[in-house]
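A quick note: this is a predicted structure, and the numbers were derived from the prediction, not measured.
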Amino acid sequence: MKESKIKAIWKLGVDSKIKPYSNSELNEIVIRSTRKSMRAIQLGGIFQFIVIGVIIYSILMLAFRDNSPEMKLLDFSGLLIIFVCAVLWKRSDYKMNKYKYDTPIKEWLEYRINELNKTICRRKKYNILIMCMAFILGFSFHVIHQIILKKPFNPILSGVVFVGLIIYLAIITYSLNKKQLKTLEELKEIYKQFGESNYKNNKP
């Protein structure tokens with residue numbers, strides 16, 4: 001349900017012909033709307049299946065491909081990094097989606113707005129550093145892979161990897177920043193409608 005409909009639903013009780021929603025039902029509406037808005041910045045959908053696919057593929061390659069110990073170590077390092085990042089991301093998503101029924105809905109919503117705002121501020125402050133570290137890590141894997149396989153330096157391949165990584169990181173960073181700002185505005189709108197309504201927040 002879109003957040004723009006929440007205030008209208010809260011005010012349905014003004015019409016005596018319409019049965020008003022209970023506080024518990026209204027809480028559920030706010031929770032569903034908030035979770036739906038946050039879904040855009042969480043690990044889910046197609047991206048989640050891609051991550052799972054990469055992890056499964058890496059495991060199969062480690063198990064069945066006849067590589068040198070050095071290459072297996074490199075592949076395992078890449079797999080470990082992807083797995084840890086995915087677990088931490090899903091853990092954060094779970095924490096943001098979780099709702100304890102003894103928590104006032106206003107406090108629950110405020111916490112999510114504040115946490116997302118902190119995340120956006122940190123990203124703005126350290127965006128360049130994060131991108132540089134991710135680029136160095138990704139390109140280092142390429143270089144080490146070439147060294148382990150004892151392949152001669154290929155400027156074309158290295159150039160493609162170099163440019164490709166920059167473009168990929170720029171797109172991912174821009175997309176995530178845009179989605180986070182949009183989600184923050186949606187959560188603030190939900191909170192604003194919450195404050196403007198005549199609905200009194202009670203524990204369900």
For K95 and Y111: C-alpha separation, side-chain torsions, deciding distance, then whether side chain to side chain contact (heavy atoms under 4.5 Å, CB included) applies. CA-CA 11 Å; K95 184 178 180 181; Y111 174 81; 3.2 Å; yes
Side chain to side chain contact (heavy atoms under 4.5 Å, CB included) assessment of E110 paired with Y191: CA-CA 8 Å; E110 281 178 344; Y191 187 82; 2.4 Å; yes
Take M133 and L137 through the test side chain to side chain contact (heavy atoms under 4.5 Å, CB included) and record every step on the way to the result. CA-CA 6 Å; M133 290 179 65; L137 181 63; over 6 Å; no
Stepwise side chain to side chain contact (heavy atoms under 4.5 Å, CB included) check, E186 with K36: CA-CA 10 Å; E186 290 178 355; K36 184 177 180 180; over 6 Å; no
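Nearest heavy-atom pair, L165 versus G138, reported as atom, atom and distance to 0.1 Å: CD1-C, 3.8 Å. Nearest approach of A86 to V51, heavy atoms of both residues: CB-CG1, 4.0 Å. Looking at every heavy atom in both residues, W108 comes nearest to M96 through CZ2-O, 4.0 Å. Shortest non-hydrogen contact noted between L187 and T34 is CD2-CG2, 3.6 Å. Nearest heavy-atom pair across I120 and Q180 is CD1-O, 3.6 Å.
Grouping the Ile, Leu, Val, Met, Phe, Trp and Tyr side chains by contacts below 4.5 angstrom, directly or via other members, places I50 apart from I171. F76 and L149 fall into different hydrophobic clusters, where Ile, Leu, Val, Met, Phe, Trp and Tyr side chains are chained together by heavy-atom contacts under 4.5 Å. L80 and W89 fall within the same hydrophobic cluster, where Ile, Leu, Val, Met, Phe, Trp and Tyr residues are linked whenever their side-chain heavy atoms come under 4.5 Å apart, directly or through other members. Transitive grouping of hydrophobic side chains (ILVMFWY, heavy atoms separated by less than 4.5 Å) brings L79 and L88 into a common cluster. Hydrophobic clustering (side-chain heavy atoms under 4.5 Å, transitive across Ile, Leu, Val, Met, Phe, Trp, Tyr) groups I166 together with L157.
With rounding to the nearest 0.5 angstrom, the NE2 atom of H145 is 12.5 Å from the CD atom of E70. To the nearest 0.5 Å, atom CG of residue L62 and atom CG of residue D75 are 5.5 Å apart. Here M131 contributes atom CE and I172 contributes atom CD1; the two are 10.5 Å apart, rounded to the nearest 0.5 Å. If you take CD1 on I41 and CG on L176, they are separated by 7.5 Å, rounding to the nearest 0.5 Å. Rounding to the nearest 0.5 Å places CD1 of I113 at 11.5 Å from OG1 of T183. With rounding to the nearest 0.5 angstrom, the CD atom of E28 is 8.5 Å from the CD1 atom of I105.
Between the side chain of T173 and the backbone N or O of A170 there is no donor-acceptor pair closer than 3.5 Å.
For CZ of F162, the number of neighbouring non-hydrogen atoms (other residues, nucleotides, ligands) closer than 6.0 Å is 12 at most. Enclosure of atom CG in L129 by more than 12 non-hydrogen atoms of other residues, nucleotides or ligands within 6.0 angstrom is indicated. Within a 6.0 Å sphere centred on CD1 of I46, other residues, nucleotides and ligands contribute 12 heavy atoms or fewer. Surrounding NZ of K179 are at most 12 heavy atoms belonging to other residues, nucleotides or ligands under 6.0 Å away. By the neighbour-count criterion of 12 heavy atoms within 6.0 Å, atom CZ of F141 is densely surrounded, having more than that number from other residues, nucleotides or ligands.
Within the 4.5 Å cutoff, no side-chain heavy atoms of K72 are placed close to those of P69. Looking at heavy atoms from C-beta onward, S33 lies in side-chain contact with I29 at the 4.5 angstrom threshold.
Using a cutoff of 4.0 Å between basic side-chain nitrogens and carboxylate oxygens, E115 and R112 are not scored as salt-bridged.
There is a side-chain donor-acceptor pair under 3.5 Å between N97 and Q42.
Of the residues R123, K182, K124, the one that meets the side chain to side chain contact (heavy atoms under 4.5 Å, CB included) test with N177 is R123.
Ring pair F49/F47: centre-to-centre distance not below 6.0 Å.
The aromatic rings of F139 and H142 are tilted relative to each other, their planes meeting at an angle between 30° and 60°.
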